[in-house]
Amino acid sequence: MGPQRLRVRLPRPLNRKLPLRPYSWEEAVGTSILSEAGNGMNRRDELLIMCKALKQGGKFVVITDRLILIVSCFSLVDYDKPEFRGVPANPEWVIEAEIGMDSIIHAGASGEVVHIVGSSPDPMSRHSQHHPIKRGGGTRVKRWSSPAAPLPLYQTNLEFSCREEADELLQVLLSVIEKGKERGWGCGYILHQSNLK
């Protein structure tokens with residue numbers, strides 16, 4: 001087997017209606033995840049709102065108008081370091097969690113960590129505890145096997161490298177949730193904030 005060819009970086013997202021902007025790794029990662037993970041998984045139509053790197057190398061959080069995806073890519077662990085060698089032609093994305101925006105009950109931050117509490121009747125949209133399933137396009141999705149009695153609430157903690165990044169993501173997330181509520185999301189969820197600790 002010959003040497004593996006590497007790209008210097010992921011392709012930049014282009015739009016004919018918008019001017020060319022400076023390259024952003026995070027925007028390129030988010031666009032790549034949605035386009036490659038879209039094969040048979042209904043994500044190509046998702047509108048990328050934000051992609052942010054998490055503190056753990058190679059992990060990212062992607063926010064669309066309907067979903068939060070927590071993804072990892074082993075080949076991007078050191079993408080922001082000078083010794084980074086490049087991106088493989090077909091990076092393998094692992095979707096570690098998928099959270100529907102309409103299932104979020106509470107989101108808050110403490111320091112560098114954003115806490116998300118949600119409720120979902122669909123256990124498939126929460127974190128996996130089992131082996132990932134191989135999908136087309138180099139993407140693996142981790143899914144729960146159907147538990148006998150799924151928990152009614154879940155909590156996800158996203159750790160960033162600094163407080164400013166956590167605050168920025170939280171503000172964007174709260175804005176997307178608010179816009180969703182205006183469209184009728186989450187009408188059935190009532191939970192007192194003091195019960196969330």
Side-chain angles (χ1 to χ4, degrees), residues 4 6-13 23-44 46-64 66-101 103-104 107 109 111-118 120 122-145 154-162 165-166 168-170 172-173 176:
Q4 183 180 19
L6 301 173
R7 296 178 181 174
V8 175
R9 61 187 187 188
L10 291 168
R12 123 185 11 238
Y23 184 82
S24 163
W25 265 103
E26 292 172 336
E27 187 177 13
V29 165
T31 303
S32 179
I33 289 165
L34 293 178
S35 65
E36 291 180 29
N39 295 337
M41 299 191 309
N42 297 326
R43 292 201 186 94
R44 287 188 185 273
E46 293 292 329
L47 174 64
L48 177 66
I49 305 293
M50 174 185 269
C51 178
K52 276 279 191 209
L54 296 174
K55 185 174 183 177
Q56 185 178 348
K59 284 187 129 181
F60 300 86
V61 60
V62 177
I63 296 179
T64 73
R66 297 183 303 169
L67 294 172
I68 298 174
L69 300 173
I70 301 167
V71 299
S72 62
C73 181
F74 179 74
S75 60
L76 293 179
V77 168
D78 295 323
Y79 81 95
D80 56 347
K81 296 185 174 57
E83 61 269 9
F84 181 63
R85 297 190 57 194
V87 182
N90 293 314
E92 187 172 297
W93 301 105
V94 178
I95 299 174
E96 297 183 2
E98 178 180 303
I99 302 167
M101 286 289 185
S103 72
I104 296 174
E112 298 87 21
V113 180
V114 173
H115 308 283
I116 300 169
V117 177
S120 176
D122 178 14
M124 298 292 277
S125 66
R126 290 183 244 157
H127 294 281
S128 171
Q129 296 176 343
H130 299 291
H131 299 290
I133 302 167
K134 184 76 173 166
R135 297 284 184 172
T139 304
R140 295 188 299 174
V141 180
K142 294 183 175 182
R143 299 284 191 187
W144 275 27
S145 63
Y154 61 89
Q155 179 170 341
T156 301
N157 298 318
L158 305 173
E159 186 175 6
F160 294 89
S161 58
C162 67
E165 289 183 359
E168 180 185 4
L169 183 113
L170 178 62
V172 169
L173 179 59
V176 172

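Because the structure is predicted, anything quoted here is derived from the model rather than measured.
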Distance col, row I63:CD1 vs L169:CG, nearest 0.5 angstrom, shows 4.0 Å

From K52 atom NZ to E165 atom CD, the distance as rounded to the nearest 0.5 Å
4.5 Å

Do I116 and L173 touch side chain to side chain, with heavy atoms closer than 4.5 Å?
yes

Looking at I68, I49, L48, which one forms a side chain to side chain contact (heavy atoms under 4.5 Å, CB included) with V62?
L48

Considering non-hydrogen atoms only, spot the tightest contact between G30 and C51 and give its length.
N-SG, 3.7 Å

So, does S35 use its side chain to make a donor-acceptor pair with the main chain of T31 at under 3.5 Å?
yes

Taking all atoms of both residues into account, what is the closest heavy-atom pair of Y79 and A53, and its distance?
OH-CB, 3.4 Å

Quick one: pull up SG in C162 and CD in E168 and give me the separation to the nearest 0.5 Å.
9.0 Å

Rounded to the nearest 0.5 Å, what's the gap from CG on L34 to CG on L47? Could you check?
9.0 Å

Rounded to the nearest 0.5 angstrom, the NE2-CG distance for H115 and L158 is 9.5 Å

dist I95:CD1 -> C73:SG (nearest 0.5 Å) comes out at 11.5 Å

If you compare all heavy atoms of M101 against all heavy atoms of T64, which two are closest, and at what distance to 0.1 Å?
CE-O, 3.6 Å

Do E159 and N157 meet the criterion of a side-chain donor-acceptor pair at a distance under 3.5 Å?
no

Under the side-chain contact (heavy atoms from CB on, under 4.5 Å) criterion, do F74 and V94 qualify, and how do the steps go?
CA-CA 9 Å; F74 179 74; V94 178; over 6 Å; no

Is L69 close to F60 at the side-chain level, that is, under 4.5 Å between some pair of heavy atoms?
no

Exercise: identify the closest heavy-atom pair between S103 and Y154
OG-OH, 2.9 Å

Qualifying residues under salt bridge (Lys or Arg N to Asp or Glu O under 4.0 Å), relative to E27, sequence neighbours excluded
R21

Are any of the side-chain heavy atoms of W25 and V87 separated by less than 4.5 Å?
yes

